[in-house]
Structures are given as structure tokens and as C-alpha cells.
Amino acid sequence: MTDTASAPTACTADDLFRLLDELGISHTTKTHPAVFTVAESADLRDAIPGAHTKNLFVKDKKDRFFVITVEEHATVDLKSVHKLIGASSRVSFGSPEKMLAYLGVVPGSVTVFGAINDQDNAVTFVLDEALMDSHIINGHPLTNEATTSIGRDDLLRFLEATGHTPLVLKVTP
């Protein structure tokens with residue numbers, strides 16, 4: 001499976017925007033060519049203010065899944081982050097199939113906004129404390145061909161509305 005159309009229950013960016021509107025959450029979205037890495041998205045920084053994110057979709061040996069969201073240039077120590085996030089073992093990257101099944105996205109589009117598709121609460125969302133110092137947070141709206149800006153407190157409200165209580169932890173040095 002390589003596209004989100006093959007996930008029958010996956011919400012789209014329009015579904016995400018509709019939910020944000022229903023929640024009274026202000027958001028702006030800028031479309032752009034697909035970006036797959038932080039380096040590829042560097043040209044967007046001047047056009048899109050706020051903190052830009054890096055999102056890691058990982059799992060532990062008991063198949064518990066996590067999305068770790070940090071500021072784009074932050075480093076995450078994958079050898080020790082499991083101790084911080086409550087995983088049962090060291091973490092490894094989750095498969096593209098699980099990413100599509102749980103978040104409704106494909107590699108290159110992992111986002112905290114994928115919580116809208118995790119209706120069974122199979123994924124724990126972890127937000128880095130340093131990222132939460134920013135007033136505006138940017139993430140892909142379920143596609144890497146756009147960036148959505150949302151207020152920090154509104155991001156927390158969005159996650160709660162999807163049934164996810166995020167862990168806000170210091171996961172970066």
C-alpha cells in the first residue's frame with residue numbers, strides 16, 4: 001500500500017480542517033511541493049512562521065506505537081528515548097503499513113495531526129517540552145504537500161478532541 005486512498009477509513013486534510021473548524025481552532029495551511037525531509041523543507045521557513053516539526057513513528061517490542069514530535073532540528077536519542085516515553089523496550093521505526101493503518105499517512109507525511117485517524121487509540125503522542133515553548137506549531141495536514149500552522153494550546157485541544165492525551169516530556173537534550 002502506497003497511498004492513503006487504500007485506507008478506507010482514513011480522514012483527509014479536508015476532514016482535519018473541518019474538525020479544527022468545528023472545535024473553533026484557528027489554523028492556516030500553505031500548500032507546497034512534497035517534502036520528505038527537514039532539509040527539503042528548509043526553503044519554507046521564511047514563508048511559514050512558527051516552530052516546524054520532525055515526527056518519528058516508532059514502536060516497542062510489545063507493538064506499542066508512538067509519534068514523537070519535536071522541533072525540526074532537535075535530536076532524539078533512539079537508544080534511550082524509550083525510558084522517557086514509557087515504552088517497554090528500545091524503540092524502532094514502525095512499518096509503513098502500520099503508519100497507514102493507524103495514522104492514515106505514508107512515510108514522509110508522519111504528523112501529530114494523524115491522531116484524527118487513530119480512532120482506537122493505538123498510538124501514544126509525545127510532544128517535546130522544548131517544542132511546546134513555541135506559540136505556533138507547524139505540521140503536515142496528513143500530506144507532505146502542505147503545512148498547517150496551529151497554536152500550541154489549540155494543538156493540545158485537538159489531540160484531546162481525538163481522544164488522545166499527549167505526553168509532554170523533555171525528550172531532546
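Predicted model only: the values in this text are computed from it and were never measured.
Rounding to the nearest 0.5 Å places CG of D154 at 11.0 Å from CG of L159. The CG atom of L155 sits 10.5 Å away from atom CD of E160, with the distance rounded to the nearest 0.5 Å. K54 NZ to H73 NE2: the interatomic distance, rounded to the nearest 0.5 Å, is 9.0 Å. Put simply, CE on M99 and NZ on K59 are 13.0 Å apart, with the number rounded to the nearest 0.5 Å. In this structure, CG on N117 lies 11.0 Å from CG on D120, to the nearest 0.5 angstrom. Taken from CZ in R157 to CG in L23, the straight-line distance is 6.0 Å, to the nearest 0.5 Å.
A 4.5 Å side-chain heavy-atom check between L142 and I116 finds at least one atom pair inside the cut-off. Two residues are said to be in side-chain contact when any heavy atoms from C-beta on lie closer than 4.5 Å; P49 and I136 fail this criterion. In this structure, E71 and D133 have side chains that are not in contact, with every pair of non-hydrogen atoms separated by 4.5 Å or more. With a 4.5 Å cut-off on side-chain heavy atoms, V91 and I85 count as touching. Between T162 and L19 the shortest side-chain heavy-atom distance falls below 4.5 Å. In this structure, L84 and V126 have side chains that are not in contact, with every pair of non-hydrogen atoms separated by 4.5 Å or more. Using a 4.5 Å heavy-atom threshold, the side chains of F158 and V112 count as separate. Using a 4.5 Å heavy-atom threshold, the side chains of V106 and P96 count as separate.
Looking at R64, its side chain does come within 3.5 Å of a backbone N or O of G86 through a donor-acceptor pair. Here the side chain of D128 pairs a donor or acceptor atom with the backbone of V171 at under 3.5 angstrom.
A ring pair (Phe, Tyr, Trp, His ring centres under 6.0 Å) with F57 holds for exactly one of F66, F65, F125, F93; it is F65.
Summarising the geometry of S89 relative to H82, their closest heavy-atom pair is O-CB, 2.9 Å, with the distance given to 0.1 Å. Minimum heavy-atom separation, V168 to E129: CG1-CG, 4.0 Å. For S149 against I48, the heavy-atom pair with the smallest separation is OG-CG2, 3.6 Å. Taking every heavy atom of both residues into account, T53 and N138 meet most closely at OG1-O, 2.8 Å. Counting all heavy atoms, side chain and backbone alike, F113 lies closest to G139 at CE1-O, 3.8 Å. Here the closest heavy-atom approach between residue V110 and residue N55 is recorded as O-ND2, 3.4 Å.
Both V105 and L16 sit in one connected hydrophobic cluster of ILVMFWY residues. Membership requires side-chain heavy atoms under 4.5 Å apart, directly or through other members. Note on L127 and L78: separate hydrophobic clusters, where clusters join Ile, Leu, Val, Met, Phe, Trp and Tyr whose side-chain heavy atoms are under 4.5 Å apart, directly or indirectly. At a threshold of 4.5 Å between side-chain heavy atoms, the hydrophobic network of Ile, Leu, Val, Met, Phe, Trp and Tyr places V67 and V58 in two separate groups. If you chain together hydrophobic residues whose side chains sit under 4.5 Å apart, V81 and L169 fall into the same group. The same ILVMFWY cluster, assembled from side-chain heavy atoms under 4.5 Å apart, contains both L20 and I137.
At most 12 non-hydrogen atoms from other residues, nucleotides or ligands lie less than 6.0 angstrom from NZ of K98. The environment of NE2 in H135 is sparse: at most 12 heavy-atom neighbours from other residues, nucleotides or ligands sit within 6.0 Å.
The closest side-chain donor-acceptor pair between D60 and S88 falls under 3.5 angstrom. T143 and S109 are not linked by any side-chain donor-acceptor pair at a separation below 3.5 angstrom, with hydrogens and angles left out of the test.
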**Asked** Is there a side chain to side chain contact (heavy atoms under 4.5 Å, CB included) between V76 and T172 once you walk through the steps?
**Response** CA-CA 6 Å; V76 177; T172 58; 4.2 Å; yes
**Prompt:** After noting the C-alpha distance and the side-chain angles of L131 and V70, does the key distance pass the side chain to side chain contact (heavy atoms under 4.5 Å, CB included) rule?
**Reply:** CA-CA 6 Å; L131 175 69; V70 300; 5.7 Å; no
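With sequence neighbours left out, H27 forms a ring pair (Phe, Tyr, Trp, His ring centres under 6.0 Å) with F17.
Salt-bridge annotation for R18 and D21: absent, with no side-chain N of the basic residue lying under 4.0 Å from a carboxylate O of the acidic one.
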